2 protein chains.
Amino acid sequence: MLPSSTVENYLKAIYVGEMHLADGQTLVPMGQLAGALGIAPGTATTMVKALFESGLVVYEPYNGVRLTAAGQKLAARVLRRHRLIELFLVQVIGMNWDEVHDDAEQMEHVVSDRFIERIDEMLGQPEVDPHGDPIPTADGRLPHRALETLLTCPLHTPVTVARVTDQDAAFLRFIESNNLKPGQTIEVEARDEVSDSVRLKGHNDERMTIGARAASKLLVTG
Amino acid sequence: MLPSSTVENYLKAIYVGEMHLADGQTLVPMGQLAGALGIAPGTATTMVKALFESGLVVYEPYNGVRLTAAGQKLAARVLRRHRLIELFLVQVIGMNWDEVHDDAEQMEHVVSDRFIERIDEMLGQPEVDPHGDPIPTADGRLPHRALETLLTCPLHTPVTVARVTDQDAAFLRFIESNNLKPGQTIEVEARDEVSDSVRLKGHNDERMTIGARAASKLLVTG
DNA sequence: CGTCACATTTTGATTATTCAAAATTACATC
DNA sequence: GATGTAATTTTGAATAATCAAAATGTGACG
Ligand SMILES: [Mn+2]
Ligand SMILES: [Mn+2]
Ligand SMILES: [Mn+2]
Ligand SMILES: [Mn+2]
């Protein structure tokens, strides 16, 4: 049986959930999964048990869930599709990076492999999507880059924005209007614990101050 | 409630069914609808009753079904999306005209209005899809061209292929390999009742003979 | 070790969509 | 007008996905 859109969404959420696990943790808690998918906890339990029966996940009651090799393969495929489609919508269709997520969320389940191959080719086998999120390769490998956040990168040193880890449209528009999109070069001038903020020097030496919360969502390379 | 993919498919099938109705007929028979959708007759009955409750169709038990104004509006929207997407897949993605139907069948239900607007613009507000099928306008009107088939058009007179009314991939590939795609100019040299065939002069004066059945699926303009 | 808060699972139910097969209806034909 | 065939509807059932609310388990803390 080919997996339903629902199953694909669960697998993708578990896949992404696994990446955000704290060191040592190996299982995605059911509550976190339910939250990510916007469904009731009981629904997640029921579904995860079905995924377990299908051999797509390891499920430890009361502890959480993790993908099997088979589940990982499917999940990587869906995530690859999602991110390629997002980039395609920006690059080819001309949509804005804050409005592509919902379309990709649906299209990832329905377009043909042919379609995916063609846009991958058109885009030149890209490695990251419009938000800087890495695109899994066709064979299911997820390229990893070591990045720092604006909370941890060196001060007074030019860094390049590489990734924005928040899909919220309003946040993305804020980033865009302040020239903080991936690819742009900035410098952290100061961090202040007390005011919970970070001061930046951005495009055209423009200064700006953003909250630590927001700063932690901007990943950069040295 | 926004209509489900299933509802959209039913409405679209009824819409298309209405166009193929013989003169005088005003209702699409349930059996024909079920056939078009590839579902059991009883399923169609159940669903059509639900569509009737929603005010999207007129339903006359044992006679058939017809769209209301509300149903027509939704159906035209879906058909517009389908055909724009097909053209987009051919023109922009570079897919072949025999492989775009299935992708369009799914995408029509999920892409945003924004996406549709953008591809409509990219394609220059096209009037027909890759098969020559007319694209409903944004306000739900379906432009009608008076076309003849290769069975009825004048003999020994250059005509231009305008539309191919059969989505079957093998048939489409046959048409393509014989240079009979929409836009190409041909001439009917003879029709023969007995052999049930039509002789054509096509590209580079190449002669070919096709069956009457196939000939009836090629629509042309004078 | 007992208790409480919180996470998780279970229960009971609903909605949407579908099918196979039985029952019914319509219509043409004798 | 009776009858038979074909179309249509009804019936009974299944699957997938979901929720709210009740029940239960887990782990922390005093
Ligand atoms: Mn999705
Ligand atoms: Mn992204
Ligand atoms: Mn469809
Ligand atoms: Mn078409």
Side-chain angles (χ1 to χ4, degrees), chain A residues 1-14 17-18 20-22 24-66 71 74 78 105-106 108-110, chain B residues 1-14 17-18 20-22 24-66 71 74 78 105-106 108-110:
Chain A
M1 324 279 133
L2 81 166
S4 65
S5 295
T6 301
V7 166
E8 292 190 335
N9 284 334
Y10 273 85
L11 295 176
K12 182 157 60 86
I14 297 167
E18 282 185 35
H20 295 156
L21 248 29
Q25 297 306 108
T26 153
L27 294 172
V28 178
M30 300 305 282
Q32 185 174 306
L33 178 60
L37 291 168
I39 60 182
T43 305
T45 299
T46 305
M47 189 66 196
V48 163
K49 284 199 281 196
L51 295 177
F52 172 73
E53 292 305 323
S54 307
L56 297 171
V57 304
V58 174
Y59 171 49
E60 291 182 19
Y62 293 103
N63 286 325
V65 63
R66 167 183 57 234
L74 286 173
V78 181
E105 196 59 56
Q106 298 302 129
E108 65 188 2
H109 311 293
V110 305
Chain B
M1 323 280 134
L2 81 167
S4 65
S5 295
T6 301
V7 166
E8 291 189 336
N9 284 334
Y10 273 84
L11 295 176
K12 182 157 62 89
I14 297 167
E18 282 184 34
H20 295 155
L21 249 29
Q25 296 307 107
T26 153
L27 294 171
V28 178
M30 300 304 282
Q32 183 175 308
L33 177 61
L37 292 168
I39 59 181
T43 305
T45 299
T46 305
M47 191 65 197
V48 163
K49 284 199 280 195
L51 295 177
F52 172 73
E53 292 305 321
S54 308
L56 296 171
V57 305
V58 173
Y59 170 50
E60 290 183 19
Y62 292 102
N63 286 325
V65 63
R66 166 183 58 233
L74 286 174
V78 180
E105 196 58 56
Q106 297 303 128
E108 65 188 1
H109 310 293
V110 305

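Quick caveat: nothing in here was measured; it's all calculated off a predicted structure. Letters go in sequence order (proteins before strands), and every chain restarts at 1.
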Original post:
Taking side chain as C-beta onward, heavy atoms only, is A:Val7 less than 4.5 Å from A:Leu56?
Top reply: yes

**OP:** Give the rounded distance in Å between these two atoms: CD1 of B:Ile39 and P of D:dT9.
**Re:** 12 Å

**OP:** May I have the distance from A:Met30 (atom CE) to D:dT26 (atom P), rounded to whole angstrom?
**Re:** 15 Å

Original post:
Using a cut-off of less than 4.0 Å, is there contact between a side-chain N or O of B:Tyr10 and OP1 or OP2 of C:dA16?
Top reply: no

**OP:** Check whether any side-chain N or O of A:Thr6 sits under 4.0 Å from OP1 or OP2 of D:dA17, and answer yes or no.
**Re:** yes

Original post:
Side-chain N or O of A:Lys49 less than 4.0 angstrom from OP1 or OP2 on C:dT9?
Top reply: no

Original post:
Between D:dT26 atom P and A:Leu27 atom CG, what is the distance in whole Å?
Top reply: 14 Å

Original post:
Checking side-chain contact (heavy atoms from CB on, under 4.5 Å) for the pair A:Val57/A:Leu11: CA distance, chi angles, key distance, verdict?
Top reply: CA-CA 8 Å; A:Val57 304; A:Leu11 295 176; 4.2 Å; yes

**OP:** First locate atom OH of A:Tyr10, then atom CD1 of A:Ile39, and finally report the distance between them rounded to the nearest 0.5 Å.
**Re:** 2.5 Å

Original post:
So, do B:Glu53 and B:Tyr59 sit near enough that their side-chain heavy atoms are less than 4.5 Å apart?
Top reply: no

Original post:
Hey, are the side chains of A:Glu108 and A:Asn9 touching, using non-hydrogen atoms and a 4.5 Å cut-off?
Top reply: yes

Original post:
At under 4.0 Å between heavy atoms, what does A:Gly42 touch on the DNA or RNA strands: base, sugar-phosphate, or nothing?
Top reply: base

Original post:
Start at the 5' end of DNA chain D and walk down; is the nucleotide closest to A:Asn63 or to A:Ser5 reached first?
Top reply: A:Ser5

Subject >> Side chain of A:Tyr59 - closest among C:dT8, D:dT9, D:dC19 >> reply: C:dT8

Subject >> Gap between atoms CD and C1', on A:Gln32 and C:dT8 respectively (whole Å) >> reply: 14 Å

**OP:** Specify the separation, in whole Å, of atom CG of B:Leu37 and atom P of C:dA16.
**Re:** 18 Å

**OP:** Return the value, rounded to whole Å, for the distance between atom CE of A:Met47 and atom P of D:dT18.
**Re:** 7 Å

Original post:
Taking the side chain of B:Tyr62 as heavy atoms from C-beta outward, which of C:dT9, C:dC19, D:dT9 is closest to it?
Top reply: D:dT9

Original post:
Could you state the NE2-P distance from A:His109 to D:dA16, rounded to the nearest angstrom?
Top reply: 18 Å

Original post:
Does B:Thr43 place a side-chain N or O at less than 4.0 Å from the phosphate oxygens OP1/OP2 of C:dC19?
Top reply: yes

**OP:** Please state how far atom CG in A:Leu33 lies from atom C1' in C:dT8, giving the value in whole angstrom units.
**Re:** 12 Å

**OP:** May I ask you to verify if any side-chain N or O of A:Thr46 is less than 4.0 angstrom from the OP1 or OP2 atom of C:dT10?
**Re:** no

